[in-house]
Number of protein chains: 2
Amino acid sequence: MKKRELINKLAETGLRVTPQRLLVYEIILKHNNHPTAEEIMAYVKKKFPNIAIGTIYKIIDSLIEKKLITRVKTDKDIMRYEAVLSHHHHLYCSKSDIVIDYFNQDIDKIVTDYFNKNKIPDFEIEDIKLQIIGCFKK
Amino acid sequence: MKKRELINKLAETGLRVTPQRLLVYEIILKHNNHPTAEEIMAYVKKKFPNIAIGTIYKIIDSLIEKKLITRVKTDKDIMRYEAVLSHHHHLYCSKSDIVIDYFNQDIDKIVTDYFNKNKIPDFEIEDIKLQIIGCFKK
DNA sequence: GTGTCTGCAAATTGTTTGCATTTTC
DNA sequence: GAAAATGCAAACAATTTGCAGACAC
């Protein structure tokens, strides 16, 4: 995605396009390791050494509110973030805290079809994500 | 589950059966709302007014280590806990921080069969859980 | 120029740690 | 009696808040 597009996406939401906010958005979008707030901070600091961690959190909150990014839940007690692109699942490494994106439209369809035929009583499904826990073979 | 069984389960793990630990285990087991540490604390305090929050965390850690309970992460940055019974999934309410257990062996089988036939390259699957996000119809 | 955003520091929240005392086995 | 668990307080880590000055629109 070009920088111009990012700027437009930000502007569309009504958020002001500040260089810090743009950079944070860019990092979360391009970094495919689901960075934590501290990791984002470290990157931003290279360009803006005076950035405050509070500002990072405020920017993150504003992006979540405008649905440009989402939180990722891991077992550990730290939040990670990702930019929502297309629908996907997560591979969780049971040995480390690593989370990898997993795209698979076949399984999406299988699961969606199943729940279309078999509704959960009194519950309106908005989204279904798979947490695939395991480990990487070396 | 009878109290006697709980005591046995605890004793089997090698953990010492103290009244505080037994009570915490009982609460997590019977409370089906995935209580937080603070919620557990509030319950335990009725019987042991001097209980310390640090003790609650130590007990929780010991139960997790012995695999009697597991962590559940929600959108908010708070840990919740549950006693692992049989394999199940979670319904996440998108409006509140509520998490409900969801048991369904049909979908378990469908998903497992799929991944038995379609392996993920370089990844050894240990478990698959569905995060079903949506909201409850009133 | 107005209202939003940043940077800074202090406050808050959830969790962990160290140690003396008590309890389980 | 030895090892482990509790209670308490202090430490820590992640996140939030309040506010003055700076910046986007």
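All chains are named by letter (A, B, ...) in the order of the sequence lines, taking the proteins before the strands, and each is independently numbered beginning at 1.
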Please report, rounded to the nearest Å, how far the [atom2] atom of [N] is from the [atom1] atom of [X].
X     : N      : atom1 : atom2 : answer
B:I40 : D:dT6  : CD1   : P     : 14 Å
B:I60 : D:dA5  : CD1   : C1'   : 15 Å
B:I64 : C:dT15 : CD1   : P     : 10 Å
B:I59 : C:dT23 : CD1   : C1'   : 13 Å
B:D61 : C:dG14 : CG    : P     : 17 Å
B:M79 : D:dA14 : CE    : C1'   : 12 Å

Side-chain donor/acceptor pairs under 3.5 Å, residues 46-59 of chain B, sequence neighbours excluded:
none

Could you tell me whether the phosphate oxygens of C:dT23, OP1 or OP2, come under 4.0 Å of any side-chain nitrogen or oxygen in B:Q20? no
Atom pair CD1 (B:I69) and CD1 (B:I64), whose distance is rounded to the nearest 0.5 Å: 4.5 Å
Salt bridge check, A:D113 against A:K117: does any charged N sit closer than 4.0 Å to a carboxylate O? no
Test of understanding: with salt bridge (Lys or Arg N to Asp or Glu O under 4.0 Å), list the residues that count as partners of A:E26, not counting sequence neighbours. A:K3, A:K30
Check whether [X] reaches the backbone of [Y] with its side chain - one donor and one acceptor, N or O, closer than 3.5 Å.
X     : Y      : answer
B:H87 : B:F103 : no
B:R80 : B:H34  : yes
B:E39 : B:T36  : yes

Can you name the closest pair of heavy atoms from B:E126 and A:C135 and give their distance? OE2-SG, 3.8 Å
Where along residues 44-58 of chain B does a heavy atom come under 4.0 Å from DNA chain D, residue by residue in number order? B:N50, B:I51, B:A52, B:T55, B:K58
A:F115 and B:Y102 aromatic ring geometry - parallel, tilted or perpendicular at 30°/60° bounds: tilted
Ring pair (Phe, Tyr, Trp, His ring centres under 6.0 Å) partners for A:Y81, two or more places apart: none
Can you give me the bend angle of the helix from C:dG1-D:dC25 to C:dC25-D:dG1? Use the axis through the first five pairs and the one through the last five, nearest 10 degrees. 40°
Just so I know, are the side chains of B:I110 and A:Y114 near enough to count as touching, which here means a heavy-atom distance under 4.5 Å? yes
N/O contacts under 3.5 Å, protein versus nucleotides 21-25 of chain D?
unit_1 : atom_1 : unit_2 : atom_2 : d
D:dA24 : N3     : A:R16  : NH1    : 3.3
D:dC25 : OP1    : A:V17  : N      : 3.0

